[in-house]
Protein chains: 4
Amino acid sequence: MRAEEQVQKSEKREAILQAALELVAENGLQHTPMSMISKRSRASAGIIYHYFESKDDLLASLYQRIKREMSRAIAARYDPQQPLVKRFQSLWLSMFHYALAHPKEMVFLEQYESIPGVKQHEGVKTLQDMAEDWQRKNPFGAENDLEAQVLHGLVRDLSAQDLLKDLPLEVIGEFTMGVALRLARQSAAGLVKLDEAALNNVARACWDAIAR
Amino acid sequence: MRAEEQVQKSEKREAILQAALELVAENGLQHTPMSMISKRSRASAGIIYHYFESKDDLLASLYQRIKREMSRAIAARYDPQQPLVKRFQSLWLSMFHYALAHPKEMVFLEQYESIPGVKQHEGVKTLQDMAEDWQRKNPFGAENDLEAQVLHGLVRDLSAQDLLKDLPLEVIGEFTMGVALRLARQSAAGLVKLDEAALNNVARACWDAIAR
Amino acid sequence: MRAEEQVQKSEKREAILQAALELVAENGLQHTPMSMISKRSRASAGIIYHYFESKDDLLASLYQRIKREMSRAIAARYDPQQPLVKRFQSLWLSMFHYALAHPKEMVFLEQYESIPGVKQHEGVKTLQDMAEDWQRKNPFGAENDLEAQVLHGLVRDLSAQDLLKDLPLEVIGEFTMGVALRLARQSAAGLVKLDEAALNNVARACWDAIAR
Amino acid sequence: MRAEEQVQKSEKREAILQAALELVAENGLQHTPMSMISKRSRASAGIIYHYFESKDDLLASLYQRIKREMSRAIAARYDPQQPLVKRFQSLWLSMFHYALAHPKEMVFLEQYESIPGVKQHEGVKTLQDMAEDWQRKNPFGAENDLEAQVLHGLVRDLSAQDLLKDLPLEVIGEFTMGVALRLARQSAAGLVKLDEAALNNVARACWDAIAR
DNA sequence: GATGAATGAGCTTTCATTCAT
DNA sequence: TATGAATGAAAGCTCATTCAT
């Protein structure tokens with residue numbers, strides 16, 4: 001019964017996280033009480049506090065998990081063998097497609113990061129954050145580093161070849177991840193329709209913005 | 001004191017709006033109860049409901065006011081006599097500087113727009129929204145139209161001269177207003193430092209993104 | 001300007017009472033705040049407290065007025081010259097028709113009398129109340145005495161002739177005024193339809209109930 | 001304690017209903033805030049909303065329960081074996097005695113039914129309501145039907161024997177249940193004193209009112 | 001691990017009443 | 001007389017968290 005318990009325990013925890021994700025995406029952070037998470041996940045009100053210290057802890061755990069999985073997925077698709085410019089394009093498309101495929105997660109990120117005093121944890125937006133995380137071995141573990149390393153490395157390589165304009169890292173982040181995630185959210189919400197051709201154009205526009 | 005009252009349209013109402021703005025900027029929407037707004041504005045709990053129907057109404061009124069004043073300010077600085085490309089640059093800088101000069105308002109906008117089901121009211125982001133507002137004489141009155149007309153007109157003029165890439169309006173909006181506002185918010189929060197030279201570079205990068 | 005002021009003063013007071021009557025009839029006592037009475041009567045919130053000490057006082061004044069007018073109207077139609085049994089019948093019909101013609105007033109009475117600790121003031125229902133009022137020169141003045149005298153007198157005369165069963169006064173009241181008012185309310189609400197013939201039958205049934 | 005819980009269906013819920021009943025009987029609906037119910041029942045403010053959706057729901061539940069128990073009690077005492085006229089008398093006395101034995105419940109009913117727009121739910125007063133309930137299998141379940149069936153059946157039987165005057169059902173209801181409940185309420189409030197002999201007289205008077 | 005009844009502080013909102021004008 | 005902005009206590013209700021079972 002060892003293995004089964006292991007599985008069951010994760011399943012309850014998983015159900016809670018999943019319910020929180022869905023409900024926050026549907027109703028927003030403010031309108032997602034614990035009782036609702038409890039109902040949707042079919043977990044009792046009490047047991048949630050066995051898995052998480054508090055609502056804040058539950059939300060933070062979910063946030064970390066989403067960030068980690070997104071990093072992993074994007075890093076996994078990254079091929080350092082490709083030519084530099086091509087690498088940028090495919091990284092941009094990776095981000096866009098990941099965001100498009102995970103609309104609930106994207107809404108959650110936006111909700112969570114809009115809490116004042118939380119963005120400090122670690123934002124998606126600034127490359128500098130990632131660079132710093134990288135340098136100070138950030139506490140969230142090696143998984144997040146994958147994406148950070150990829151991006152930071154790519155920017156460094158492009159800089160080394162003098163292919164980039166002289167722009168602050170944050171600005172570059174805004175023109176790449178920022179624009180990609182925002183447009184993906186709009187796509188997911190049906191506010192924009194972008195086919196594969198249009199997408200390549202947009203990726204190209206991003207490149208034009210930052211390329212020397 | 002007759003005339004004075006007429007002019008200032010109730011300083012109590014103003015104090016309430018100002019308190020709400022500050023507190024939401026400081027603590028976030030979730031952590032700004034009416035009792036706090038009441039205390040900060042030195043207004044009784046009850047009188048707020050004399051001026052606003054509900055908390056939602058207060059927040060919506062504040063949102064509209066911020067959007068309106070921002071539109072006015074940006075449109076006021078717009079000079080249609082300048083050459084086209086120069087016009088784009090100065091419009092972009094107007095937006096950025098306005099956002100930078102009004103950090104509390106920017107935090108409030110971010111907070112307010114992160115409520116699910118509210119962004120639909122009218123977002124800054126898509127040019128299409130503005131075009132539509134323009135066409136259907138949007139309900140928020142002529143003040144908002146100023147900004148919409150300016151931007152829509154500029155994009156139309158640039159398109160007419162074949163100066164723009166073939167990109168959806170939303171994408172253009174993201175590369176212009178989107179990036180400007182986001183970077184301004186980061187500047188205001190002290191997350192990025194951008195001097196005048198760097199700023200011109202960023203404006204130029206935006207232009208590169210959308211220019212043919 | 002003397003006379004005009006007299007008129008105007010009564011008009012404002014009248015408007016307030018009338019608004020209170022309508023609103024209580026429409027929404028019930030619980031859902032009739034002073035602000036609503038103020039709006040409907042086009043009187044400011046403050047001025048109401050010039051005419052009435054409190055909400056309770058306003059309501060009590062309205063109650064007294066309704067009771068007084070009802071007494072007057074019913075007593076006015078009473079003809080002590082008619083034969084005894086005929087007198088009973090026409091008194092019963094007077095009550096019924098008055099109630100039918102004043103549905104708002106009837107609802108108000110029901111609302112007001114349902115407040116615990118208020119029915120003591122003076123109820124419509126018990127003949128004994130009226131008898132007592134009569135004996136102790138009740139404080140509400142001579143107008144209410146009219147009805148009390150009429151009813152009490154009629155019962156006394158009927159008793160003297162040994163035409164009534166040996167029933168407590170309250171029971172007789174219930175079979176006469178009680179049933180009349182209740183059926184009138186139902187008629188006004190459209191719950192029963194009673195033509196003149198049916199009405200005479202009901203009056204007769206009342207008589208059968210109390211007659212020896 | 002399993003089985004016991006099943007049986008008593010939460011003593012907390014019971015305590016809340018009981019507290020509400022007492023307080024409304026003592027102070028009236030308007031002057032019975034939830035905080036008072038909470039204090040009297042020794043339940044926290046929050047738990048009430050675990051058992052009832054709202055104050056309205058709590059009140060409606062209490063109303064239904066009182067009506068249901070009253071129906072059950074009266075129907076239980078009814079003996080269809082007795083002769084017709086005797087049946088009427090004993091039914092009338094059942095109603096009266098039940099009302100007399102449950103003064104708090106009677107005050108509550110009067111309070112609750114005085115709310116505009118609530119009486120429609122289901123009134124005691126009209127026999128027609130009961131007839132309709134009977135025909136359309138009313139939603140409150142079989143318990144209420146007991147009383148409805150009893151009364152409707154009795155009136156039908158009396159009519160079949162041509163023992164009743166030609167009066168609308170509502171009028172008959174007013175002369176029977178209406179008078180019984182009203183007098184019982186007055187008795188309970190100490191406004192009338194009726195001994196067993198007087199009571200039989202009143203029941204007889206009711207019969208005289210409706211009998212041919 | 002698991003339940004869900006219970007808590008109580010705190011939320012938004014209402015409303016009788018007052019008071020400066 | 002008359003106004004209506006202002007007050008503040010109190011209302012109904014929510015919800016993160018605890019705890020006996």
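Here is the naming used below: chain letters follow the sequence lines, and residue numbers restart at 1 for every chain. Values below: every heavy atom of this structure, side chains too, minus hydrogens, waters and symmetry copies. Everything numeric here is computed off the predicted structure, so don't read it as measured data.
Listed pair A:Y51 / E:dA2 meets the phosphate criterion, a side-chain N or O lying under 4.0 Å from OP1 or OP2. In this model, the phosphate group of F:dT14 is not approached by any side-chain N or O of D:Y49 to a distance below 4.0 Å at OP1 or OP2.
Residue C:K12 places its side chain closer to F:dA2 than to any other of F:dA2, F:dC13, E:dG4. When the nucleotides E:dA6, E:dT17, F:dT17 are ranked by their closest atom to the side chain of D:S44, E:dA6 comes out on top. Considering only the side chain of D:I47, E:dA6 comes nearest among E:dA6, F:dT7, F:dG12.
Side-chain contact annotation: B:Q18 with B:E14, donor-acceptor N/O pair under 3.5 Å absent.
Taking atom CD1 of A:I16 as the reference point, atom P of F:dA16 lies 14 Å away to the nearest angstrom. In this structure, the CG atom of C:D56 is 10 Å from the C1' atom of E:dA16, given to the nearest Å. Residue C:H50 contributes atom NE2, which lies 5 Å from atom P of F:dT1 at whole-angstrom precision. Atom CG in B:D57 sits roughly 13 Å away from atom C1' in E:dT13 (whole-Å rounding). To the nearest angstrom, P of E:dT18 lies 10 Å from CD of C:E53. Atom pair A:L58:CG and F:dA16:P shows a separation of 10 Å (rounding to whole Å applied). Per the geometry, CD1 belonging to D:I48 stands 13 Å off P belonging to E:dG8, to the nearest Å. A:F52 places its CZ atom 12 Å from the P atom of E:dG1, with the value rounded to the nearest Å.
For the segment residues 26-40 of chain A, no residue has any heavy atom less than 4.0 angstrom from an atom of DNA chain E.
Taking the six-membered ring where the residue is Trp, A:F108 and A:Y63 present tilted rings, their angle falling between 30° and 60°.
Residues A:A19 and A:R40 share a closest heavy-atom pair of CB-CG, 3.6 Å.
Looking at which nucleotide of DNA chain F each of B:R13 and D:K55 is closest to, the 5′-most match is held by B:R13.
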Check the pair C:E105 / C:L21 against side chain to side chain contact (heavy atoms under 4.5 Å, CB included), numbers first and verdict last. CA-CA 7 Å; C:E105 281 81 353; C:L21 170 60; 3.5 Å; yes
In dot-bracket, 5' to 3', how would DNA chain E read with Watson-Crick or G-U wobble pairs under 3.5 Å, [ ] for crossing ones and | for pairs to another strand? .||||||||||||||||||||
